[in-house]
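Structure first, then comments.
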Amino acid sequence: MRRTFIFIILFSLFGQYLLGQKSTVSVDSISMFYNEFKIEAKKKIDLWNKDLYGPILLIDSKTKAVFANEPDESGILKADGNIYTGVLPDKINIANTAINWNGKRWAMMMLPLPKNKYDRIGLLAHESFHRIQPSLGFELNNIENNHLDQKEGRVYLRLELEALKRALTAVSEKELKKHLTNALAFRKYRHNLYNGSDVSENFLELNEGIAEFTGVIVSGRSKEQTISSLSNGIDGFIDNPTFVRSFAYHTVPVYGYLLYKKDKSWNKKITGKTNLTNYFIKAFNIEIANDFKDAVEKLVNDYNGSVIIEEETKREERIKNLIAEYKSKFIDQPHFEIKFEKMNVSFDPRNIIPIEDKGTVYPNIRVTDKWGILTVEKGALMSPNWDKISISNPVSIDGEKIEGDGWILELTDGYGIKKNETNGIYVLIKK
């Protein structure tokens, strides 16, 4: 997917933008967060031969109050001790990401930050990696992997992750290599099932996987704490409604951490063009059998395969019903289609639902564009090429504020909506 729009992926709960409330964030606690991250970033400066500590925006999602560690060039942020505070313009979506704003490239994170110190530093490092990512030669790619919403794709991802959990707790090199070999066999077999999946998965792993690996290494955890965190992270990930955009947070960090124990420079040997699957196979000196099917079928039950397959079979039936409901709501029935001009979007990637070749439903999404601001809480269908979004028809029109079931559209001057009397579909128009 190559388009000129900008999008922000929200890798935490979708923000509610309740302006006008007083922020309860402590400037002293923000200062402490910055200081603890600065210390750990300095300790690990050789990870990328760059200082991860740089311009950071911490945002109170309820008030859009900003707590930065540096001033901005336009002077919106004012000094408050060693912290700079202000209010983020409403047009800017809040997310855990990197953003170019007011003359600088910032790492942006939503408050509150995790209570656990290691989780907090890991998040700061992850998003700060995204800030320096372009300078390291890694493109910003967040391609959806819709095959990971299909039964077989989910089954073989879960089997790979089960093997990786075993690799984390291996007590010998022989056992470690066995589980890594099996994990990569499940991966190769999955790629064999879905044409092009090796490429699309690799794009996301080079983006979010490497960023999360960075967070793991910089967090400051001990060996035992790291193994526990990675294993528990996989267990929690399995409960996500979908894997299509979030799997990379749990694959590359495990491979990367295990390889880091052998070669602390491995990450500096890859580029934005590296095929990580092939790289890990070579780096761990692993051989994968050419007959994927026979080899994999013998391994399935060694990694809780029967339970995984049963769970995924039941899920497949539930999802079929949900997809039918969404197709009726956003395709078959009259609905409201909004075309993009210069779009910026934030969303929660953990609960999106691919709808065959019709696009993807985002239960929670916020879009800003020349035409205004759209906030959705009950689902919207994004077109496959990201040129428009479909929502249910409006139920209330009050000047420039238009509302429907679970969504609000705030239009800017010069825009309106019009109903096609033939098919009942609403569209956005310029007045």
Side-chain angles (χ1 to χ4, degrees), residues 1 3 7 9-11 13-14 142-159 161 190-191 193-197 200-201 203-204 237-249 307-340 343 345-367 374-395 404-407 423-427:
M1 179 178 63
R3 291 183 61 83
F7 63 90
I9 296 184
L10 178 58
F11 283 98
L13 295 179
F14 186 78
N142 283 291
I143 293 177
E144 293 170 8
N145 286 269
N146 290 351
H147 63 285
L148 295 180
D149 207 52
Q150 297 181 31
K151 177 185 170 182
E152 295 297 298
R154 289 175 58 92
V155 164
Y156 287 101
L157 173 63
R158 289 184 62 178
L159 288 168
L161 291 171
R190 182 175 70 248
H191 292 168
L193 289 175
Y194 300 98
N195 186 41
S197 62
S200 61
E201 287 187 19
F203 274 133
L204 192 62
F237 163 75
I238 300 305
D239 294 329
N240 283 359
T242 186
F243 301 157
V244 299
R245 281 187 177 268
S246 50
F247 74 96
Y249 277 67
V307 173
I308 289 172
I309 292 170
E310 181 181 359
E311 290 177 351
E312 292 304 327
T313 300
K314 292 178 180 178
R315 177 190 180 273
E316 185 179 41
E317 290 303 313
R318 294 196 305 271
I319 293 298
K320 282 181 181 178
N321 294 331
L322 187 57
I323 288 175
E325 179 184 328
Y326 280 137
K327 285 177 69 176
S328 174
K329 183 177 182 179
F330 298 123
I331 299 172
D332 300 333
Q333 296 180 18
H335 52 275
F336 184 7
E337 296 182 355
I338 303 175
K339 291 188 176 182
F340 300 135
M343 173 265 279
V345 58
S346 64
F347 56 86
D348 185 342
R350 298 169 302 178
N351 60 3
I352 62 180
I353 301 176
I355 308 296
E356 300 167 355
D357 60 347
K358 309 300 182 183
T360 302
V361 169
Y362 292 77
N364 305 102
I365 191 167
R366 186 177 193 262
V367 183
L374 173 66
T375 305
V376 178
E377 296 178 357
K378 290 187 178 180
L381 176 64
M382 182 72 73
S383 64
N385 60 353
W386 285 62
D387 64 344
K388 68 177 180 180
I389 193 167
S390 298
I391 51 180
S392 60
N393 270 350
V395 297
D405 181 23
W407 60 264
N423 57 22
I425 295 176
Y426 280 83
V427 293

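For this chain, numbers begin at 1 and follow the sequence in order. Scope of the values below: all heavy atoms of this structure, side chains included, with no hydrogens, waters or symmetry mates.
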With side-chain contact (heavy atoms from CB on, under 4.5 Å) as the test, would you mind laying out the steps for L161 and I238 before giving the verdict?
CA-CA 9 Å; L161 291 171; I238 300 305; 4.3 Å; yes
Residues Q150, Y194; criterion side-chain contact (heavy atoms from CB on, under 4.5 Å); working and verdict
CA-CA 10 Å; Q150 297 181 31; Y194 300 98; 3.4 Å; yes
Euclidean distance, H191 NE2 relative to H147 NE2, rounded to 0.5 Å:
6.0 Å
Which residues pass the side chain to side chain donor-acceptor pair (under 3.5 Å) test with K339, not counting sequence neighbours?
none
Not counting sequence neighbours, which residues clear salt bridge (Lys or Arg N to Asp or Glu O under 4.0 Å) with R190? List them please.
E160, E201
To the nearest 0.5 angstrom, please state how far the CG atom of N145 sits from the CZ atom of F203.
10.5 Å
Can you tell if the side chain of L374 reaches within under 4.5 Å of the side chain of I391, non-hydrogen atoms only?
yes
F243 CZ to D149 CG distance, which is reported to the nearest 0.5 Å
9.0 Å
How many angstroms lie between atom CG of L193 and atom CD of E152, to the nearest 0.5 angstrom?
6.5 Å
Using 4.0 Å as the upper bound for N to carboxylate O, is an ion pair formed by R350 and D239?
no
In a table with atom names and distances, give each donor-acceptor pair under 3.5 Å that connects a side chain of residues 322-334 to protein atoms at least two apart or in another chain.
from: K327; atom 1: NZ; to: E356; atom 2: OE1; distance (Å): 3.2
from: S328; atom 1: OG; to: Q333; atom 2: NE2; distance (Å): 2.8

Tell me, please, which residues at least two apart from Y362 pass side chain to side chain donor-acceptor pair (under 3.5 Å).
E144
Verify ring-ring contact (aromatic ring centres under 6.0 Å, His included) between F237 and F247, making sure each step is shown before the conclusion.
CA-CA 8 Å; F237 163 75; F247 74 96; 7.9 Å; no
Which pair of heavy atoms, one from V345 and one from W386, lies closest together, and at what distance?
CG1-CZ3, 3.7 Å
Side chain to side chain donor-acceptor pair (under 3.5 Å) with T313: which residues, sequence neighbours excluded?
K151
Contacts of N423 that satisfy side-chain contact (heavy atoms from CB on, under 4.5 Å) - sequence neighbours left out
N420, I425
Between L148 and R154, the two heavy atoms sitting closest are O-CG, 2.9 Å
Nearest 0.5 Å, what's the OH-CD1 distance between Y156 and I309?
6.0 Å
